[in-house]
Each structure stands twice: as C-alpha cells, then as structure tokens.
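Quick note on labels: first sequence line is chain A, next is B, and so on, each numbered from 1.
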Amino acid sequence: MPVHHLEETFQQTVDAEIKIEAKDWMPEAYRKTNLRQISQHAHSEVVGMLPEGNWITRAPSLKRKAILIAKVQDEAGHGLYLYSAAETLGMSRDQMIADLHSGKAKYSSIFNYPTLTWADMGAIGWLVDGAAILNQVMLCRTSYGPYARAMVRICKEESFHQRQGFEALLVLSKGTQEQRAMCQDAINRWWWPSLMMFGPRDSESTNSDQSMKWKIKRKTNDELRQNFVDMIAQQVKLLGMTLPDPDLKWNEARGHYDFGEINWDEFWNVVKGNGPCNRQRLQARINAHEEGAWVREAAVAYAQKQSAKQKKVA
Amino acid sequence: MNTQSNLPVSYILYLADNNLILAQRNSEWCGHGPILEQDIAITNITLDLIGQARMLYQLAADILNQQNGNQEATEDTLAYLRDERAFSNVLMVELPKGNWGFTVLRQYLFSEFQYLLYKHLSADATLSAIAIKSLKEVTYHVQWSREWVLRLGDGTSESHQKMMDAVQDIWMYTGELFDAAPFEDAPVLQQIQTVWQQRIAETFEEATLTIPENVFIQKGGKNGIHTEHLGYMLAEMQYLQRMYPNATW
Ligand SMILES: [Fe+2]
Ligand SMILES: [Fe+2]
C-alpha cells in the first residue's frame, strides 16, 4: 500500500477510537512523538522520586514515613510501566536512560524545585500529583494502546496520592501556628510551578495540533490548566489557606476562575536547565546508575554462569 | 493485651528498634537503587520492617500505659522521643548503608536471624500474632537477600571482591545478635545461633565467600552503647518531633 493510503487508514482508525497497537503501521512522526512523550513521562516518574525521597528519613511520624515511602515507591512502579510501554515503540530502556543522563531526553520541570519543609510533601501530593492526574486521566484515552493501558493503572494510584497529600496538609492546617505557616508557605512555593506543569500556552505550543488530530492529546494545555485552577481554587478553601495569586477570582460569565499571568521567563529557564535543582536531580540519577553498574554486571555474569551450569546438567 | 506475658517491655523495644533502625537505613536507597526493580524490592523490605516496628511499638506502648496508668506512650513517642542511649538495637543495623553489596549482605545476615527468631516467637503468648505475620514477610526477605549474596559473591571478580570487603566490614557485628542481654533467653539464642551459622555457611559456600575466623565481637547496642552513626541518624529522624513538641502530623 502506498504511504498516503496507509496514513489515511491510520487516521480513520484513530478517528474510530480504535487503539493503535505496537505492531500496527503508524506514521513515523506518530511513533516518535509517542516515544518522546512516554519516555519523558517515565523519566518524570523516576526523577520525581527524588524531591519526595528527600524527606523519607525525616518524616515526622511512623505512619507518615510509611505513607511517603509507599508513595515514592509507587512512582518507581509508574516508571516501570511507562518504560515498558515506551519500549514497544522500539527503543530499549537502557537507551532511554542514556538519553536522560546525556540531557537529550527531558523530564517534568516541576521536579527541579527543592523540597524545603515537611509541608512540601503534602503540597506535592495535592498540587503536583493533582496536576499530573488531569493530564493522565486524559491520557487514559490516548490513541496508543500500551500508553493508554499503562495510564489506567497509574491513575488509580495518583488519585490516592492526591488525597493523601491533601490530608497531610489538612492536618497541618488544623495544627499549630508554625504548622499552618509551613502549610501556606508550601502552597505559595508550589502553586506557580504546578501551573507550569501543563506546558506553554496553546498559542506557543509547537506540537499541539498534530497531537490532537492523532488523539495523543485530547485537551489542550490551556484547557487542562483551567480545569486544574478551577479544582484547586475550590479545594484550597477547605484548607483555610489561600493561593498566591491576587488575580484569582471566579468569572461568572466564563464559568471558570480567572487567574494571573505565569512567569514564563522562569518556566523557560527551568526547561533550559537553570532551575534550582536541575543539576542535582540529574546528577543523583547518574550517580545511582554509575554506582549500580558493577551490581548489574554481576547479575548478568551470575545468570550466565547459572544457565551454563544448567546446560551442563541437561 | 495479653496479661500472661512474661516478656519484658525492654525485649519488645529491642525487637522494634532493630526493625526501625534497619528500615531507616534501607530507606536511604529509595530513589537511588542500582536498577528500578531492585529499588522497589529494597523499599518493599523497608516498608515491611517499618510495619513490624509499628506493631511492636504499639504493643510496647500498650503495656507501658497499663503499667503507668496513663496514655502517654505511643508508637511515635517511642520512636521519636527516646534518646540514643535508650535505643537497644544491635550495632549492625545502624551502620551506614554502604554499597549495594553491604546492604544486601547485612539484610541477609539479619533476615536469617529474624526468621529463626520469629519462628520461635510464633509460639509466644504475647508476640505470636506479630511473629506469624512478620515471618511471612521475612521469609521473602531471606530469599531476596540470599539471591543477591549469591549473585554478587559469585558474579564478577569485582563483585566478589566487594562482597569479601563487605563480609570483613560486617562480620565483627554479627556476634552481638547472639550475645544474650538480660531481657533475652540465652539458651534459645544459642539454639538459633547454631542453625543460623549452618545456614550462613551453606550460603557463603554457594556464593564462594569465606567466613572470617577469630573475629573480635563488637557489641553494646543492646545496652544503649552505640556506634557514632546512631546519633546522626536519630537527629535526622527525630528532628520534626523534637523541634515542634506536641504537634500532630
Ligand atoms: Fe506517578
Ligand atoms: Fe504520584
């Protein structure tokens, strides 16, 4: 079949809401876009372990410690599902990790911000996982089958993370003066970076149209961001806290909250590697990988010895 | 609570402290493991150990509160508000996490001990429920850590050397497990030691590792005489509880 014909059939399949599977024909750009997006998503899960991992040894109660460790571990699991989904598109996990470490592949900029107090654990669960969920709920219906199925598993855990994060903040909000201040401070620091998680404005977003046409995405960055603002602006009231945006107010005509302008300079700076923790995050991943090299080599050598022994016996 | 218990609270705290301190150490791997699957595996063990510590601290708190006629003790007061000298864990579990080889070797040596101990405690009036539940978890810990000792011991020459170094570093701390404190049952510990030595010897042989001989035994943890590492660990772990007394988290 000529390529234009294949492309037509492909688009019809997508339009008919039939999932694209690994063995199906797909335009090269579709494959590349998915591979880039899924591997970037996988990297985000893994790098995302670091800011919260930073508080595991200091969690203020045994219950909180157990919850936090389990949460960070869930993110490792998400990384695994997503690497597997990305591998169906023809790149090995080793190669994806090499690309992360060389700086070729990106991960979500949100994880380049530091976690400074215990309240950051709550704020990340509530705001960062909360923002991630909106994106991921949409991706449960993305056109590439393996990605969509990975997202369904992940979404269940993410909404649990968000509730736990909110609950942790709720306890602080009802606590001592210092705890309430800690809670508000964390919200102040994480609010704007969370809004940036949805990416550039639709007018600035390069791949958006094609991704919508291929149903990789189903909502634009700005739509998702607005959904997030509407959700959080309500929830923050339950905490008795405020969002650090003087322009935030309900717009009856639009049926949405209006909100202030994101600092796009900061956004692009962090994307370019100038966030407060870009270097440390990447270096931590590289260190873990390099320090683990002898372990992985030994595991391979041992497995080879074992299979050689078994062959001898057989 | 079972009132027929003749186990002293100090013994329950000893068991709890071992679990918590090892969990605290192992938790340092979370996000930094040599491969994602193993990051998850060591973290599973960490979570099991914290779960065991919590059950034991809760039991100890119940007994203490009954003894003192108040409600002051909780799992968190026991974990977060006792000082270094009050912790009775063995020295082995507080040592820094070291490399992956040291971590899995320590886990293996300790888990084999815990397995035999919990098996014994499964028949104890006070601890049977906790011991039986924990035994299932520890069975997996032994299996997982043993496999890693084999892999690294009999892997590459580099991994073999690193494991031999780890054995040298840790061996002098193993004897303390069997050095009976007043709150322990010496004959039982002795029986456990015999089986433990046998099992370790088998694994080491398969892993091409040798057991050091005539090694001096470092001890003191059970009496609250610790290495210098524990103070830093507790300072970090307890800081929020110490900084904001009486706050709820
Ligand atoms: Fe996740
Ligand atoms: Fe999450």
A/Met121 versus chain B, the contacting section by heavy-atom distance below 4.5 Å: neither
Identify which of A/Gly53, A/Gly48, A/Gly292, A/Ala76 forms the greatest number of heavy-atom pairs closer than 4.5 Å to chain B. A/Ala76
Please find the pair of heavy atoms, one from A/Met49 and one from B/Cys30, that lie closest to each other, and give the distance. CE-SG, 4.4 Å
Is atom CZ of A/Phe160 surrounded by more than 12 heavy atoms (other residues, nucleotides or ligands) closer than 6.0 Å? no
In terms of heavy-atom proximity below 4.5 Å to chain A, should B/Leu150 be classed as side chain, backbone, both, or neither? both
Among the options A/Val72, A/Val47, A/Val300, A/Leu80, pick out the one with the most heavy-atom pairs lying under 4.5 Å from chain B. A/Leu80
Proximal component of B/Leu36, with respect to chain A [non-hydrogen, under 4.5 Å]: both
Toward chain B, the part of A/Leu62 with a non-hydrogen atom under 4.5 Å: both
Which residues share a side-chain contact (heavy atoms from CB on, under 4.5 Å) with A/Lys312, sequence neighbours left out: none
Could you list each N or O donor-acceptor pair linking chain A to chain B at a distance under 3.5 Å?
{"residue": "A/Thr57", "atom": "O", "partner": "B/Gln24", "partner atom": "NE2", "Å": "3.0"}
{"residue": "A/Thr57", "atom": "OG1", "partner": "B/Glu236", "partner atom": "OE2", "Å": "2.4"}
{"residue": "A/Ala59", "atom": "O", "partner": "B/Tyr80", "partner atom": "OH", "Å": "2.8"}
{"residue": "A/Pro60", "atom": "O", "partner": "B/Gln241", "partner atom": "NE2", "Å": "2.7"}
{"residue": "A/Ser61", "atom": "N", "partner": "B/Tyr80", "partner atom": "OH", "Å": "3.3"}
{"residue": "A/Ser61", "atom": "O", "partner": "B/Tyr80", "partner atom": "OH", "Å": "3.2"}
{"residue": "A/Leu62", "atom": "N", "partner": "B/Asp76", "partner atom": "OD1", "Å": "3.0"}
{"residue": "A/Arg64", "atom": "NE", "partner": "B/Trp249", "partner atom": "O", "Å": "2.5"}
{"residue": "A/Arg64", "atom": "NH2", "partner": "B/Trp249", "partner atom": "O", "Å": "3.2"}
{"residue": "A/Lys65", "atom": "NZ", "partner": "B/Gln24", "partner atom": "OE1", "Å": "2.7"}
{"residue": "A/Gln73", "atom": "NE2", "partner": "B/Ile40", "partner atom": "O", "Å": "2.9"}
{"residue": "A/Gln73", "atom": "NE2", "partner": "B/Asn44", "partner atom": "OD1", "Å": "3.0"}
{"residue": "A/Arg93", "atom": "NH1", "partner": "B/Glu37", "partner atom": "OE2", "Å": "2.9"}
{"residue": "A/Arg93", "atom": "NH2", "partner": "B/Glu37", "partner atom": "OE1", "Å": "2.7"}
{"residue": "A/Gln179", "atom": "NE2", "partner": "B/Thr248", "partner atom": "O", "Å": "2.8"}
{"residue": "A/Arg285", "atom": "NH1", "partner": "B/Gly31", "partner atom": "O", "Å": "2.6"}
{"residue": "A/Arg296", "atom": "NH1", "partner": "B/Pro34", "partner atom": "O", "Å": "2.8"}
{"residue": "A/Lys305", "atom": "NZ", "partner": "B/Asp154", "partner atom": "O", "Å": "3.0"}
{"residue": "A/Lys305", "atom": "NZ", "partner": "B/Asp154", "partner atom": "OD1", "Å": "3.0"}
{"residue": "A/Lys305", "atom": "NZ", "partner": "B/Gly155", "partner atom": "O", "Å": "3.0"}

Taking every heavy atom of B/Ile40 against every heavy atom of A/Gly77, the minimum-distance pair comes out as CD1-N, 3.8 Å
So which atom in B/Leu240 and which in A/Pro60 form the shortest heavy-atom distance, rounded to 0.1 Å? CD1-CB, 3.8 Å
